[in-house]
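Notes follow the structure.
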Amino acid sequence: MEQANQVPKIVTSRIGLDESWGIKTYLATGGYTALRKALTSMTPEQVADEVSKSNLLGRGGAGFEVGRKWSMLKPAPVRYLVVNGDESEPATFKDHMLIENDPHQIVEGTLISAYAVGAARAFIFVRGEFALGLERLQAAVNEAYAYGAIGRNIFGSGFSVDLVVHPGAGAYICGEETALLESLEGKRGNPRIKPPYFPAVMGLYGEPTIVNNVESMSNIPWIVNNGGASFAALGVGRSTGTRIFALAGHVNRPGNYEVEMAKLTFRDLVDRPEYGGGMRLGRQVKAFIPGGVSAPWFGPDQLDMPLSQDDVAKAGSMLGSGSIVMMDDHTCMVRAAWRIAKFFWRESCGQCTPCREGSGWIEKMMRRIELGSGRESDLDLLMDACDNIAPGLTWPPQQTTICVLGPSIPSSVASAIRMFRDEFLVHIKEGGCPYE
Amino acid sequence: MGAFSPEMRERAESLVALYPERRSALIPLCHLAQEEAGYLTQPFMEEIAELTGTTPAEVYGTASFYDMLHTEPVGKYLVGVCTNIACLLQGGGELLEHAEQALGVAAGGTTDDEMFTLEEVECVAHCDKAPAVQVNYRFFGPLTGESFDNLIAKLRAGEYDGVVPPHGTLVRVRRENGIEVPLEEVFAERREMDRAKAERKAAAEAAKAKEGN
Ligand SMILES: Cc1cc2nc3c(=O)[nH]c(=O)nc-3n(C[C@H](O)[C@H](O)[C@H](O)COP(=O)(O)O)c2cc1C
Ligand code: SF4
Ligand code: FES
């Protein structure tokens, strides 16, 4: 608490400023100084080195070190950089905020990264539904061209790169990096098989490609300006720097909060007046989802766990996309898990049988229980269906499918059955939802 | 005769020019067609195929994968009510039921006057303002039944005309630049960068070896 004021806002410093999305505000608050510094006084390796030193973990979901990913890029004359702004993980709304409110920071981070990895062209893939975000980002790119930050011979450094803002068209799966590349190539968003299609080896148009998340990119200008070591000095262990947590559900103040990694606990984030401000109507926490709907659920016992990637992983879940959903004691867990199951069923791309068929069966059984025609044997059948998608129901899950959407399906349903079996039985015995 | 008007055809061609491979423009071109016609008609799919070096079947097959691309007519306003987890917890399910009654159509349906198409949508990343509603991808929330009715009344009365463009117009800000550096030039530059990098590496190693001696 004492230190709270000293933790810098790394990615959200401009949120709330007047026209925070315009270049005027951006330049007045130190914008494009990092790009200038990188291009005119650092070699690409030096930039990549600072990013490695920062130990910045990717903010898109998998939490892979950004510097390490860059070092795995296969050398080739043609390399691409693609920024993932597809944010569609339910209850995640941080990238959306960054795209709408600080698009120049994303552009600057992208340009610096393009320099570090030697990309021939950079693309920012933005979820199609983000109409305002697409407008603000395109306007920012126009301004940056006019300012000389994009295009030929940037700031007289001899480095040139073009940047294209690419709109998606509505499909959750296009957030998965290889599906995103398919989509960017003008195809259906079907994930590719890895290996051989690791983007860093065989990505866009078959060329080595780096895919990084919008929030990951937003950290880069600060890291270049302040040094990787200053970033790594924040946080605990491998969880360095700050991170935006998107807090949603039954809290008094849902919203995006940038906090130092691993220093606060889930409870701090939920209860403190400057963050969640406590549970709505003073109610109790029944369960919460710590990292997007792909993550297994936690109960009130885990509220005192620090917001650290490794601690959460050890406890059998993940910080994932940085979204936290709080559910109070008036929530029907069957309905909540059913809705999440329905989401995966709607969004499965359909390539793999366990994912396509499993999601449909699970959705149907969950619906049947919620609407009152469930049978007691459904619970075992549900667990069996989950086990068929992710054998053993371990965490991290076993993968039987092309991408990890499949093994994410059981997370909610299996959590709900394990934690709230009685509640399922009440639905079945009473022939309906007791919360209606 | 093409489906795109001459002005739109020009925009279409400048979109194609942004990508190393033409097919990458397929989805942006589908958005453009929807901007002109409200949905993807057969003639537009044929012209997009011609522009991207694909077949109309490939355009249709690709478009049908994506929720935002419509191969059947939709209303002037596409109203999407989010019922995913954060919205569900704040009454999104009830709001959708209300919307179905207020508009007199089930989710997926279009009103008789072709003003509104109602959809149940997945998370639209406005979960802190749940339950969230989007109209032609412009966001409103948190909404109650009453404020939903208000919104519909205002849309009908044209009071949101400047804020919510008709369905199909997604991005009103146009790209002002083409590609400034042709890829061949960039490739030459990158080869030069790689050569310089190798030189720096060799020099560093030589210095190290010298130190070691
Ligand atoms: C089903 C699925 C959906 C995903 N959605 C997103 C997304 O919306 N945004 C994102 O940045 N990463 C998403 N990812 C993760 C990406 O595949 C990829 O790991 C990430 O963009 C890499 O960026 P980072 O290393 O900077 O985090 C998704 C992964 C899966 C399997
Ligand atoms: S796991 Fe599901 S979403 Fe992923 S490739 Fe297979 S079918 Fe598609
Ligand atoms: S869950 Fe409805 S906007 Fe995110």
Side-chain angles (χ1 to χ4, degrees), chain A residues 43-45 75 77-79 87-88 90-93 96 118 120-121 128-132 134-135 138-139 141-142 145 151-152 160-162 164-172 183-189 205 246 248-250 254-256 289 293 325 327 331 335-336 339-340 343 346-347, chain B residues 18-28 30-31 52 54 61-63 65-69 83-86 88-90 93 121-130 134 136-139 170-177 179-181 183 185-187 189-191 193-194 196-197 200-201:
Chain A
T43 64
E45 306 95 272
V78 189
R79 288 156 290 193
E87 187 173 68
S88 333
T92 313
F93 47 100
H96 183 221
R121 194 166 293 176
E129 287 91 338
F130 294 171
L132 178 63
L134 278 158
E135 290 182 343
Q138 185 58 61
V141 166
N142 290 344
Y145 265 104
R152 199 187 289 273
S160 312
V161 75
D162 279 293
V164 174
V165 177
H166 182 91
Y172 165 67
S183 187
L184 184 50
E185 289 181 8
K187 300 173 189 155
R188 296 167 72 88
Y205 313 123
H250 293 146
N256 284 310
I289 317 180
V293 301
V325 182
M327 298 186 269
T331 311
R335 195 172 179 210
R339 185 60 187 85
I340 294 171
F343 164 76
R346 287 175 82 170
E347 298 298 332
Chain B
L18 294 178
Y19 299 92
E21 294 191 7
R22 285 193 286 164
R23 182 162 180 169
S24 278
L26 194 146
I27 287 167
C30 289
H31 283 307
T52 54
T54 56
T62 305
F65 186 85
Y66 296 95
D67 291 344
M68 292 175 72
L69 303 178
T83 59
N84 210 312
I85 187 69
L88 184 85
L89 296 176
Q90 306 281 12
V121 298
E122 300 300 344
C123 176
V124 292
H126 272 107
C127 328
D128 51 342
K129 308 207 176 55
Q134 59 182 14
N136 294 347
Y137 310 107
R138 270 68 188 175
F139 163 81
L170 188 61
V171 185
R172 291 163 297 181
V173 178
R174 311 258 172 85
R175 188 180 168 101
E176 288 166 5
N177 313 68
I179 292 298
E180 292 202 345
V181 221
L183 275 178
E185 237 176 85
V186 182
F187 297 160
E189 205 179 89
R190 294 300 171 271
R191 273 194 291 273
M193 276 173 71
D194 286 346
K197 180 178 168 184
R200 283 194 296 272
K201 201 172 159 204

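In the text below, chain A, chain B and the rest are named by the order of the sequence lines, each starting its count at 1. In this text the structure is predicted, and so the values were computed from the model without any measurement. All values below come from the heavy atoms of this structure, side chains included, with hydrogens, waters and symmetry mates left out.
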task: Take B:E180 and A:S160 through the side chain to side chain donor-acceptor pair (under 3.5 Å) test and state the conclusion after the steps.
output: CA-CA 9 Å; B:E180 292 202 345; A:S160 312; over 6 Å; no
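- Residue contact with chain A, scored on non-hydrogen atoms closer than 4.5 Å, involves the backbone and the side chain of B:N84 alike.
- Considering every non-hydrogen atom in both B:Y66 and A:A169, the closest pair reads CB-O, 3.2 Å.
- The shortest non-hydrogen separation linking B:V181 to A:D162 is N-OD2, 2.9 Å.
- Listed options B:T62, B:I179, B:I85 were ranked by heavy-atom pairs under 4.5 angstrom with chain A; first place goes to B:I179.
- For a residue to count as touching a neighbouring chain, one of its non-hydrogen atoms must lie under 4.5 Å from one of that chain's; by this rule A:F130 touches chain B with the side chain only.
- Both the backbone and the side chain of B:E176 have a heavy atom closer than 4.5 Å to some heavy atom of chain A.
- Counting all heavy atoms, side chain and backbone alike, B:S24 lies closest to A:Y205 at OG-OH, 2.6 Å.
- Contact of B:L88 with chain A is made through the side chain alone, with heavy-atom distances under 4.5 Å.
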query: Between B:R174 and A:Q138, is a side chain to side chain contact (heavy atoms under 4.5 Å, CB included) present by the stated rule, with each step listed?
result: CA-CA 7 Å; B:R174 311 258 172 85; A:Q138 185 58 61; over 6 Å; no
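- Salt bridge status for A:E45 with B:R200: present, with a side-chain N to carboxylate O gap under 4.0 Å.
- With a 4.5 angstrom heavy-atom cutoff, A:R335 touches chain B via backbone and side-chain atoms both.
- With sequence neighbours excluded, the residues satisfying ring pair (Phe, Tyr, Trp, His ring centres under 6.0 Å) with B:H126 are A:H96, B:F139.
- Only the side chain of B:V186 has a heavy atom closer than 4.5 Å to any heavy atom of chain A.
- Remark: A:Y145 engages no residue in a ring pair (Phe, Tyr, Trp, His ring centres under 6.0 Å) (not counting sequence neighbours).
- Counting heavy-atom pairs under 4.5 Å between each of B:L183, B:L170, B:N177 and chain A puts B:N177 at the top.
- No donor-acceptor pair under 3.5 Å is formed between the side chain of B:H31 and the backbone N or O of A:G128.
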- request: Decide side chain to side chain contact (heavy atoms under 4.5 Å, CB included) for B:Y19 and A:E185; before the verdict, give the C-alpha distance in whole Å, the side-chain angles of both, and the deciding distance to 0.1 Å.
  value: CA-CA 9 Å; B:Y19 299 92; A:E185 289 181 8; over 6 Å; no
query: Step by step, would you call A:E347 with B:D67 a side chain to side chain contact (heavy atoms under 4.5 Å, CB included)?
result: CA-CA 10 Å; A:E347 298 298 332; B:D67 291 344; 4.0 Å; yes
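- For chain A, the nearby part of B:E189 is the side chain; its heavy atoms alone come within less than 4.5 Å.
- The residues A:E135 and B:R138 are annotated as salt-bridged, a charged nitrogen and a carboxylate oxygen being separated by less than 4.0 angstrom.
- Heavy atoms closer than 4.5 Å to chain B are found in both the backbone and the side chain of A:L134.
- Your options are A:A139, A:G249, A:G189, and the one with the most heavy-atom pairs under 4.5 Å with chain B is A:G189.
- Shown here for A:G186 and B:L26, the closest heavy-atom pair between the two residues is O-CD1, 3.7 Å.
- Side-chain atoms of A:N142 never come within 3.5 Å of backbone atoms of B:R175 as a donor-acceptor pair (strictly under, hydrogens ignored).
- Two residues are said to be in side-chain contact when any heavy atoms from C-beta on lie closer than 4.5 Å; B:V121 and A:R346 fail this criterion.
- Taking all atoms of both residues into account, the shortest heavy-atom contact from A:A120 to B:F187 is CB-CE2, 3.7 Å.
- The side-chain heavy atoms of B:I27 and A:P167, taken from C-beta on, include no pair separated by under 4.5 Å.
- Under the 3.5 Å distance criterion, the side-chain polar atoms of B:R190 are left unmatched by any main-chain donor or acceptor of A:P77.
- Proximity to chain A is absent for every atom of B:T52, based on heavy atoms less than 4.5 angstrom apart.
- Heavy-atom pairs under 4.5 Å with chain B were tallied for A:A171, A:P75, A:G118, A:A248; the largest tally goes to A:G118.
- Ranked by heavy-atom pairs under 4.5 Å with chain A, the first of B:Q134, B:E185, B:R22 is B:E185.
- Taking both residues in full, the closest heavy atoms of A:T92 and B:A125 are given as O-CB, 3.5 Å, listed atom of the first, atom of the second, then distance.
- Listed options B:D194, B:D128, B:N136 were ranked by heavy-atom pairs under 4.5 angstrom with chain A; first place goes to B:D128.
- Among B:Q90, B:R172, B:M193, B:R191, the residue with the largest count of heavy-atom pairs under 4.5 Å with chain A is B:R172.
- No other option in B:L69, B:T83, B:V124 has as many heavy-atom pairs under 4.5 Å with chain A as B:T83.
- With chain B as partner, the option from A:L132, A:T331, A:L184, A:N256 having the largest number of non-hydrogen pairs under 4.5 angstrom is A:L184.
- For chain B, the nearby parts of A:V164 are the backbone and the side chain; heavy atoms of each come within less than 4.5 Å.
- A side-chain donor-acceptor contact under 3.5 Å links A:R121 to the backbone of B:L18.
- Under 4.0 Å is where a charged nitrogen must lie from a carboxylate oxygen, and between B:E122 and A:R339 at least one such pair does.
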